[in-house]
Amino acid sequence: MSDDFRPASDFLAVLTERGFLHQCSDLAGLDLLAKSGDLVAYIGFDCTAASLHVGSLVQIMLLRWLQKTGGKPIALMGGGTTQVGDPSGKDESRKILTLETIAANKDGIKRIFSKFLTFGEGRHDAIMPDNAEWLGALNYIEFLREVGRHFSVNRMLAMDSVKMRLERDQELSFLEFNYMCLQAYDFVELHRRHGCVLQMGGSDQWGNIITGIDLGRRMGASQLYALTSPLLTTASGAKMGKTAQGAVWLEESMLPVFDYWQYWRNCEDQDVGRFLKLFTELPLDEIARLEALGGAEINEAKKVLATEATAMVHGREAALRASEAARKTFEEGALAESLPAIEIARGEVEAGLGVLTAFVKAGLVASTGEARRQIKGGGLKINDRTVEDERAVVGLGDATDDVVKLSLGRKRHVLLKLV
RNA sequence: GGGGGAGUGUCCCGAGCGGCAAAGGGGGCGGACUGUAAAUCCGCUGGCUACGCCUUCGUAGGUUCGAGUCCUACCUCCCCCA
């Protein structure tokens, strides 16, 4: 990618300025297309989970910006390819899911997308096709003859994703090996059906995308383009969107809004600017101002990041509630209504609920054994008072307005609500 | 088909003369320091009705007072020969 390239299209301008661009097959050509206002682009998402998590957020934002700058986004559901598995960068083959699971997952993912994109029938409305529509109908012999003949096994073997697996002596099944052919075919098919000329994705998808461009040329499609975004890690090298508790889901039922807000609030200093550009839509000069904050002041920038990023997914109202809950909890030490809560029968507390069980029930610790250890390490608190004795009991006296606050460490809190 | 090697704590890697709840790391969690950051230091990192009990070393049997460790069969993976 040449550094001196000055995009004329809004789309590429935004991408460049905000740090979405890693690699592009033909920046100038794509710029021209984007400027014409008829750019149709797609990103593929597999349906291995019931929702999307932060790891996919860059791609989601790419599609959102595309639509905002006058293009037509296609969020391709990999209903067909999910049945196969992608060797790219993965150390292990992925599990094969049942059709029912895949269908359910697709619904969840659709819900997330509708928060970021405008769907419809219009020229610039987003669409969400499923490659099962065409892959399912494929006939093996026909596929080999029409599509398979264009693939060079020599070249496929030379691809990094494949080479890695071979060098490490890791099993690469024929099934998985075919993944890239199917993905390439998707690109061509989307071009036929919807005039899609650009496939975007994370940088690990570069090889697969290029293969699609190649196939397009051989099968007589017009010039196709590839554009990848950088693979995101945090400043200290961890993968985005994963915590010990699991993925940072974009679905409220899988991750409370409060926790989502906290995820961003707790990012590393060095990531704030980068994340503001990628995951919020604040103007760049505002971001530059926030980024310039030093020392403890950077916390203000993190709060803005958290609230803005949360608002994108869960709505501004919910984001502000999470922000307020955090303020009360951390800055005032007060009891905030909107912390994650679980309900518990009044009778149980009346009878005296052991601390150990209480924390297990709240899901803050996995077992009473862990609860004991945490108490030993001074990690558990009831209503902000450190639990000293593992035989302590939570009673009605601990409840204020029928609520008891349980904490693990300084950051994780759960309310016990008596019902 | 023949010969050789490997599979360990349900996050991962990895030691393990027949007494082993099993070394060491990484990761994670908690504590201290800070700014709800990073770095650093310290502690914890099978389960339970808990000075005891129960379940763990690919699977199933066997030897033994006692097996991750020895024997047998089986499964899986890797290497060499064909």
Side-chain angles (χ1 to χ4, degrees), chain A residues 90-93 95 165-173 233-248 256-276 290-307 309-310 322-334 336 338-340 351-382 384-393 405-414:
Chain A
K90 302 222 171 45
D91 291 342
E92 278 174 32
S93 312
K95 291 180 186 65
R165 291 280 284 265
L166 294 179
E167 276 168 9
R168 290 205 217 152
D169 278 324
Q170 269 163 351
E171 173 76 7
L172 174 64
S173 69
T233 54
T234 67
S236 43
K239 262 187 214 141
M240 277 295 288
K242 298 271 182 183
T243 68
Q245 279 72 249
V248 182
V257 177
F258 180 80
D259 290 340
Y260 188 79
W261 193 92
Q262 282 297 321
Y263 173 77
W264 296 106
R265 169 65 245 260
N266 283 128
C267 79
E268 295 173 33
D269 285 11
Q270 300 178 336
D271 289 327
V272 181
R274 204 159 49 108
F275 287 179
L276 279 167
L290 290 167
E291 208 175 355
L293 295 173
E297 288 191 342
I298 192 91
N299 284 325
E300 290 313 310
K302 289 186 187 180
K303 287 178 204 166
V304 174
L305 168 65
T307 301
T310 305
S323 167
E324 181 57 16
R327 198 184 62 76
K328 278 191 179 147
T329 311
F330 290 104
E331 293 173 25
E332 291 178 11
S338 49
L339 286 174
L353 181 63
V355 254
L356 267 19
T357 342
F359 277 92
V360 173
K361 272 187 197 282
L364 287 170
V365 293
S367 67
T368 60
E370 189 187 338
R372 274 172 226 275
R373 281 180 232 120
Q374 289 296 2
I375 288 173
K376 235 173 263 166
L380 298 189
K381 293 198 192 83
I382 295 177
D384 299 312
R385 273 197 314 277
T386 306
V387 178
E388 310 276 356
D389 183 0
E390 61 181 50
R391 281 165 308 183
V393 165
K405 180 164 113 178
L406 304 184
S407 314
L408 166 65
R410 283 164 303 167
K411 294 184 195 172
R412 305 188 50 210
H413 311 276
V414 168

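Below, chains carry the letters A, B, ... as their sequence lines are ordered, and counting in each starts from 1.
Between the side chains of A:W261 and A:T307, a donor-acceptor pair is found at a separation under 3.5 Å.
B:rC20 has its base syn relative to the sugar, with a glycosidic angle deviating from 0 by at most 90°. For B:rC51, the O4'-C1' to base torsion is within 90° of 0; the nucleotide is therefore syn.
Here the nucleotide nearest the side chain of A:R372, chosen from B:rA50, B:rG30, B:rG35, is B:rA50. Distances from the side chain of A:K381 to the nucleotides B:rG30, B:rA37, B:rG31 place B:rG31 closest. Closest to the side chain of A:R412, out of B:rG30, B:rU36, B:rA37, is B:rG30. Relative to the side chain of A:F330, the nucleotides B:rU36, B:rG35, B:rG31 differ in distance, and B:rU36 lies closest. Closest to the A:Q374 side chain, of the nucleotides B:rG31, B:rA37, B:rG30, is B:rG30. Proximity note for A:A296 (side chain, C-beta onward) versus B:rG35, B:rU36, B:rG30: the nearest is B:rG35.
Within residues 356-371 of chain A, the residues having any heavy atom closer than 4.0 Å to RNA chain B are, in order of number, A:S367, A:T368, A:G369.
OP1 and OP2 of B:rA37 both lie 4.0 Å or more from every side-chain N or O belonging to A:K303. Dashed line: the shortest gap from a side-chain N or O of A:R373 to OP1 or OP2 of B:rG47 is under 4.0 Å.
Separation of atoms CZ (A:R385) and OG (A:S407) is listed at 11.5 Å; rounding is to 0.5 Å. Note that NZ of A:K302 is 6.0 Å distant from CZ of A:R265, once rounded to the nearest 0.5 Å.
Look at B:rU72: its Watson-Crick or wobble partner, with both distances under 3.5 angstrom, is B:rA60. Of the nucleotides present, B:rG31 is the one that pairs with B:rC41 by Watson-Crick or G-U wobble criteria, both distances under 3.5 Å. When both distances must be under 3.5 Å, the Watson-Crick or G-U wobble mate of B:rG1 is B:rC81. When both pairing distances are held under 3.5 Å, B:rG46 makes a Watson-Crick or G-U pair with B:rC54.
Distance A:L408 CG to B:rG28 C1': 12 Å, rounded to the nearest Å.
The residue among A:G377 and A:I298 whose nearest nucleotide of RNA chain B is located toward the 5' end is A:G377. Mapping A:G379 and A:G295 onto RNA chain B by nearest heavy atom places A:G379 at the nucleotide closer to the 5' end.
Between B:rC75 and B:rG26, the distance separating the two C1' atoms is 30 Å to the nearest Å. Remark: the separation of the C1' atoms in B:rG31 and B:rC74 is 49 Å, to the nearest Å.
Counting non-hydrogen atoms under 4.0 angstrom, A:K302 reaches a base of the nucleic acid.
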Side chain to side chain contact (heavy atoms under 4.5 Å, CB included) evaluation trace for A:V272 with A:L290:
CA-CA 9 Å; A:V272 181; A:L290 290 167; 5.8 Å; no

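Of the possible polar contacts, none joining the A:K381 side chain to the A:L408 backbone as a donor-acceptor pair under 3.5 Å is found.
Of all non-hydrogen atoms in A:A371 and A:L356, the two that sit nearest each other are CB-CD1, 3.8 Å.
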